[in-house]
Amino acid sequence: MQSGTSSFTEFLAAYNPEYLPGRRMAALGAPGGAVPLDVPHGTTIVALTFPGGVLMAGDRRATAGNMIAQRDIEKVFPADEYSVVGIAGTAGIAVEMVKLFQVELEHYEKIEGVELSLDGKANRLATMIRGNLGLAMQGLAVVPLFAGYDLETGESRIFSYDPVGGQYPEHGFHSVGSGSVFARGALKKLYRSDLDVRGAATAAIQALYDAADDDSATGGPDMTRRIYPVIAAVTEEGYRRLPEDEVSELVHEVVDARHRQPDGPQAPLR
């Protein structure tokens, strides 16, 4: 292995493999491979495309068994300038994997002098998830959602994964996490291919609201503590996290409408 490899993960695996998230089985578990119960888990992530970009949003709750481990965890991160990744599953390992993925993409660009293609980024993340297979088989799975703007084609795309690293292109919208079934059901009603960023953000908030309504592991907007979903959009201009005041305004509009119609809108957003 040469130090000049374009894959930082491969370089790390050769020289310091103990720093890889998937190599921490011995540290996490007792002899015999047992792992501690009730480690924090994060849910739910939604993503949807709109003309000229893609938007991703995540709730803020992490749970450990039947307890709320954290109320304001962040689950949506920039992977690089033109892509975004959201995490579901074992929170600690997922956050480490995202940090390593960010370094992986930055390292590739520095070594090769060009940015990795969107398909290449998606493939690199799949490889990293497969490296966590040992822990996933013990219940410590990481299931990210990845999306980005393809500079070569001018299109935005979404990629989902399974715990063993299988990669699946999604069309229009997708959701992962324990509340994903309810969020995806909401997006089936609300998604339109011609939504703008504000409309896509509103649809994402509605979907997370529905997920929190039926899934105890998904946190709804906390109006008292002013804890709102993390929402980010990626366009040809790059990654942009929506400001908290903008998200707050959209959340209050959704919650006010839910006071009048608790089950939410029944038709595509106008």
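Quick note: numbers below take in every heavy atom, side chains included, and nothing from hydrogens, waters or symmetry partners.
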Path from Leu145 to Ile93 over hydrophobic side-chain contacts below 4.5 Å:
no

Sequence neighbours left out, what passes side chain to side chain contact (heavy atoms under 4.5 Å, CB included) with Glu152? Give chain and number order.
Ser117, Asp150

Between the side chains of Asp162 and Tyr168, is a donor N or O closer than 3.5 angstrom to an acceptor N or O?
yes

So, are Glu244 and Arg226 salt-bridged, with charged N and O less than 4.0 Å apart?
no

Salt bridge Arg258-Asp210, side-chain N to carboxylate O under 4.0 Å:
yes

Should Val176 and His174 count as side-chain neighbours, where that means a heavy-atom distance under 4.5 Å?
yes

Could you tell me if the side chain of Arg61 sits less than 4.5 Å from the side chain of Ile68, heavy atoms only?
yes

Report whether Leu242 and Ile73 are members of the same hydrophobic cluster (ILVMFWY, side-chain heavy atoms less than 4.5 Å apart, transitive linking).
no

Ring centroid separation Tyr239 to Tyr149 under 6.0 Å
no

Inspect the contact between Glu253 and Arg198 and indicate whether a charged nitrogen and a carboxylate oxygen are less than 4.0 angstrom apart.
yes

Is it true that Gln167 and Asn123 share a donor-acceptor pair across their side chains at a distance under 3.5 Å?
yes

For Glu249, does the CD atom have more than 12 heavy-atom neighbours from other residues, nucleotides or ligands under 6.0 Å away?
yes

Would you kindly confirm whether Val46 and Leu195 end up in one hydrophobic cluster when ILVMFWY residues are joined by side chain heavy atoms under 4.5 Å apart?
yes

Are Val98 and Ile45 connected into the same hydrophobic cluster when the rule is that any two of I, L, V, M, F, W, Y join if their side-chain heavy atoms are below 4.5 Å apart?
no

Check whether Tyr82 reaches the backbone of Glu237 with its side chain - one donor and one acceptor, N or O, closer than 3.5 Å.
no

Applying salt bridge (Lys or Arg N to Asp or Glu O under 4.0 Å), run through Lys121 and Glu104 and close with a yes or a no.
CA-CA 9 Å; Lys121 297 172 190 177; Glu104 174 82 3; over 6 Å; no

Once you measure the plane-to-plane angle for Tyr191 and Phe173, does it fall in the parallel (<30°), tilted (30-60°) or perpendicular (>60°) bin?
tilted

Does CE in Met223 sit with more than 12 non-hydrogen atoms of other residues, nucleotides or ligands closer than 6.0 Å?
yes

Taking side chain as C-beta onward, heavy atoms only, is Leu118 less than 4.5 Å from Phe146?
yes

Is the side chain of Ser156 donor-acceptor paired with the backbone N or O of Gly53 at a distance under 3.5 Å, no angle test?
yes

Donor-acceptor side-chain pairing of Ser180 and Thr44 below 3.5 angstrom
no

Measure the shortest side-chain to side-chain distance between Asp119 and Arg157 over non-hydrogen atoms and say whether it is less than 4.5 angstrom.
yes

When hydrophobic residues are tied together by side-chain contacts of less than 4.5 Å, even through go-betweens, does Val54 share a cluster with Leu48?
no

Would you mind checking if Glu74 and Arg241 are paired as a salt bridge, meaning a charged N to carboxylate O distance below 4.0 Å?
yes

Give a yes-or-no answer on whether the side chains of Ser248 and Asp245 include a donor-acceptor pair shorter than 3.5 Å.
no

Using side chain to side chain contact (heavy atoms under 4.5 Å, CB included) as the criterion, list what pairs up with Asp72, not counting sequence neighbours.
Arg60, Gln70, Ile227

